[in-house]
Chemist: 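Before I ask anything, let me first share the structure, which is written out below as structure tokens.
One-based numbering along the sequence shown.
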Amino acid sequence: GQTLSDWIHQSETANFGVLGALLNVDIASSNYRAALATNYPTLNFVGSAAYNNNNGVTFSNIAASQNIYNNTAALNLNIPIFSGGYNSSLIRQNAALVDKAKSDYDNLRRTAAQNTRQAFTGFYGGLASVKAYEAAERSTTSAAESSQLGFEVGTLISIDVLLAFDALINTRLSLNQARYNTIMNALKLKSYAGTLTDADLTSINGLLR
């Protein structure tokens with residue numbers, strides 16, 4: 001009951017290739033923001049703790065067996081001024097990668113929509129073809145049976161029977177091909193929309209038995 005617009009919207013938002021491309025956009029954007037951060041000032045809290053026991057050895061004015069503690073804490077502000085152009089090049093590179101990721105995403109989204117449109121048209125067109133070939137099969141079956149009967153009573157010759165059965169076989173071949181194409185377009189349609197499940201394959205397998 002879904003319309004073509006529904007299927008296209010589904011494929012543009014749930015297609016696995018499109019979702020992967022969208023993740024690539026997020027990753028590229030994160031890398032770009034990280035590259036920008038290389039030019040930001042940084043403030044670090046640093047500290048150290050030291051302990052020394054001279055074990056009875058006298059140094060200068062330090063008495064023997066005196067314990068020495070040296071603890072420090074400080075804030076370290078780092079303001080980047082110039083880094084030989086490396087940071088600027090890194091930022092430009094990541095900005096270009098963001099643009100590429102967005103372009104790939106748009107292309108995959110358009111491709112998914114186009115593939116969905118073709119599969120949708122092929123599926124519903126295939127249903128109409130199957131119905132037409134089923135009607136043609138009934139007609140050619142009756143014609144083949146009639147020609148067989150006419151050959152038996154002597155009103156038709158063997159070539160007439162052969163032509164009738166040839167038409168029947170060709171019609172059945174076209175019917176099976178139409179059914180196959182319709183099934184494949186149904187699978188493609190669900191695949192492009194990211195809704196293909198094991199249950200769908202099980203159902204199709206049951207039809208082929």
Chemist: Verify the distance criterion only: is there a donor paired with an acceptor across the side chains of Asp166 and Asn170 at less than 3.5 Å?
Modeler: yes

Chemist: Hey, does Gln118 have a side-chain heavy atom less than 4.5 Å from the side chain of Thr121?
Modeler: no

Chemist: Should Thr182 and Phe123 count as side-chain neighbours, where that means a heavy-atom distance under 4.5 Å?
Modeler: yes

Chemist: Do Thr141 and Glu137 come close enough that some side-chain heavy atom pair is under 4.5 Å?
Modeler: yes

Chemist: If you take all heavy atoms of Ala101 and Val25, which pair is closest and at what distance?
Modeler: O-CG2, 3.4 Å

Chemist: I would like to know whether Leu187 and Ile204 meet side-chain contact (heavy atoms from CB on, under 4.5 Å); could you show each step before the answer?
Modeler: CA-CA 9 Å; Leu187 294 177; Ile204 295 301; 3.9 Å; yes

Chemist: In sequence, state the C-alpha distance, the side-chain angles, and the governing distance for Leu175 and Val130, and then conclude on side-chain contact (heavy atoms from CB on, under 4.5 Å).
Modeler: CA-CA 6 Å; Leu175 174 59; Val130 168; 4.1 Å; yes

Chemist: Does any non-hydrogen side-chain atom of Leu4 lie less than 4.5 Å from one of Tyr124?
Modeler: no

Chemist: What pair of heavy atoms forms the shortest contact from Val161 to Gln148, and how long is it?
Modeler: CG1-OE1, 3.6 Å

Chemist: Please evaluate residues Arg172 and Glu134 with respect to the criterion salt bridge (Lys or Arg N to Asp or Glu O under 4.0 Å), reporting the C-alpha separation (whole Å), side-chain torsions for both, the decisive distance (0.1 Å), and the verdict.
Modeler: CA-CA 8 Å; Arg172 287 177 175 172; Glu134 285 176 344; over 6 Å; no

Chemist: Check Asp200 against Lys190 and note the closest heavy-atom contact, atom names and distance.
Modeler: OD1-NZ, 2.9 Å

Chemist: What pair of heavy atoms forms the shortest contact from Ala73 to Phe45, and how long is it?
Modeler: CB-CZ, 4.1 Å

Chemist: Has Asp198 got more than 12 heavy atoms of other residues, nucleotides or ligands less than 6.0 Å from its CG?
Modeler: no

Chemist: Return the minimal non-hydrogen interatomic distance between Ile8 and Thr116, and the atom names on each side.
Modeler: N-CG2, 4.0 Å

Chemist: Does the distance from a Lys or Arg side-chain N to an Asp or Glu carboxylate O, for Lys102 and Asp106, drop under 4.0 Å?
Modeler: no

Chemist: Checking the side chain of Gln2 only, and the main-chain atoms of Trp7 only, is there a donor and an acceptor separated by less than 3.5 Å?
Modeler: no

Chemist: To the nearest 0.5 Å, what is the distance between CG (Leu163) and CG (Leu168)?
Modeler: 12.5 Å

Chemist: Return the minimal non-hydrogen interatomic distance between Val98 and Tyr32, and the atom names on each side.
Modeler: CG2-CB, 3.8 Å

